[in-house]
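Okay, structure first, notes after.
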Protein chains: 2
Amino acid sequence: MSDQAVGTVSSEQLAELAGVNAAKVRKDLSYLGSYGTRGVGYDVDQLVREVSRELGLTHDWPVAILGVGNLGRALANYRGFRARGFRIVALVDADPAKVGTRVGDLTVEPVEALSRLVTERGVAIGLIATPAAAAQAVADRLVAVGVRAILNFAPAVVVVPPEVSLRKVDLATELSILSFYQQQGRRAGDGVGV
Amino acid sequence: MSDQAVGTVSSEQLAELAGVNAAKVRKDLSYLGSYGTRGVGYDVDQLVREVSRELGLTHDWPVAILGVGNLGRALANYRGFRARGFRIVALVDADPAKVGTRVGDLTVEPVEALSRLVTERGVAIGLIATPAAAAQAVADRLVAVGVRAILNFAPAVVVVPPEVSLRKVDLATELSILSFYQQQGRRAGDGVGV
DNA sequence: CTCTGTGAAATTTTTCACAGCG
DNA sequence: CGCTGTGAAAAATTTCACAGAG
């Protein structure tokens, strides 16, 4: 909406886009403060600013990608990250044949370089895009060198100490949810919001 | 666990792996029926069977991938799908330069072929891996040719009729959640389950 | 008038706690 | 005994409904 120069938006409109109740939108947004105007709605640009502030998107987060297979490359080339302040600053792979190759304007580095890369480039988030078998070992290494936020794309359960944030994107699970609703004849709700 | 020949598992163990309360595991599993043995736990293989049945994973679901960029290729090569009964049966791209190229053992087809592919190959689920700008048009085409389950990876809001199941995987949102917890000094919970 | 912000009510989810089966 | 299955209680989330700001 901001790109399309929409000035204001109502909770009703946002609710429709998100597939939820308008009261929920208002209640949720009220936690940011009172940024709406009664009888008018919310100022789009202000809302983007306030939400960005709350989510910690006002500054850049350096990101490292572990595992430079198809998925790792897809993540490295994903344009959506940059737009939200996530900057890919390092690519790491265990395969010596991949080390030294270039993806975009980054060179693939060996696993041994991880500690140095994290320090030098201030890596705050690690994306695990390795095969399942390697995921836990890679997570352990990330934790060991001080990375405290991990997004795991590998289809494996990974355990980390309580002070580390860990999320998992499981592509097969997403499809399973769809198949569940297909079979039920019901309709799957929204996935991960916008 | 099944691969590792674990015979039975308790709700307590499952709860720890999933990061939830044991009572929740038991209550959730109870919706499948009474498959646990008191004093012992759940039979791993039986549990896998019952959950698969409930989720509709006992038969194959033919899947089409729309958009054969890095992400599309990563999805096409993703091994986790096959293991859960999702078979990639068609690759479609709007770029004439990509049409005719091969990815794995599939040939990239033009968008015009979609209707025929869906019919001939029984496509039940469509994965949108196009740029954001193309996502809605591709979704419209999928709906028009009768696909009733869509997983959208493009960073765009897509609207479909109520009878169609739509889920969205938003990679930047996942990172945003991590950054939120980083900033809060709190810890992000689990993401999409195992 | 319109649309927000929010107490209060309704609903859903989660946890407790324990009877009872193997 | 140990662990499931499940009513009942507690907690969290969602919705209603409306006062009141612009």
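Order of the sequence lines sets the chain letters (A, B, ...), proteins ahead of strands, with each chain counted from 1.
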Output the rounded distance in Å from [atom1] ([X]) to [atom2] ([N]).
X      : N       : atom1 : atom2 : value
R38(B) : dG5(D)  : CZ    : P     : 6 Å
E12(B) : dT4(D)  : CD    : P     : 8 Å
L29(B) : dT13(C) : CG    : P     : 16 Å
L32(A) : dT4(C)  : CG    : P     : 14 Å
E16(A) : dC3(C)  : CD    : P     : 14 Å

query = Which residue, G39(A) or G36(A), contacts DNA chain C at a nucleotide closer to its 5' end, judged by nearest heavy atom?
reply = G39(A)
Close side-chain approach of L171(B) to F153(A), heavy-atom, < 4.5 Å = yes
request  = Using a 4.5 Å cut-off on heavy atoms from C-beta on, say whether the side chain of S11(A) contacts that of L29(A).
outcome  = no
Taking the minimum atom-to-atom distance to the side chain of [X], which one of [options] wins?
X      : options                   : value
K27(A) : dT6(C), dC3(D), dG20(D)   : dT6(C)
N21(A) : dA21(D), dT15(D), dG22(C) : dT15(D)
S10(B) : dT15(C), dC3(D), dG5(C)   : dC3(D)
K24(B) : dT14(C), dC3(C), dC16(C)  : dT14(C)
Y42(B) : dT6(C), dT6(D), dT4(D)    : dT4(D)

request  = Verify the cluster assignment for V138(B) and L117(B): are they in a single hydrophobic cluster under the rule of side-chain heavy atoms below 4.5 Å apart?
outcome  =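 Linked, V138(B) and L117(B) end up in one cluster.
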task = Under 4.0 Å between any heavy atoms, over every strand shown, what does Y31(B) touch: base, sugar-phosphate, or nothing? Just pick one.
result =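 It contacts nothing in the nucleic acid.
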message = Students often mix this up, so state it plainly: with edges at 30° and 60°, are the rings of H59(A) and W61(A) parallel, tilted or perpendicular?
response = tilted
Show every donor-acceptor pair shorter than 3.5 Å between a side-chain atom in residues 65-77 of chain A and any protein atom, with sequence neighbours excluded, or say none if there are none.
unit_1 : atom_1 : unit_2 : atom_2 : d
R73(A) : NH1    : V68(A) : O      : 3.3
N77(A) : ND2    : R73(A) : O      : 3.0

ask   = Relative to the 5' end of DNA chain D, which residue comes earlier, S11(B) or D28(A), by the nucleotide with the nearest heavy atom?
value = S11(B)
key: Side chain R26(B) and base dG5(D) donor-acceptor under 3.5 Å   = yes
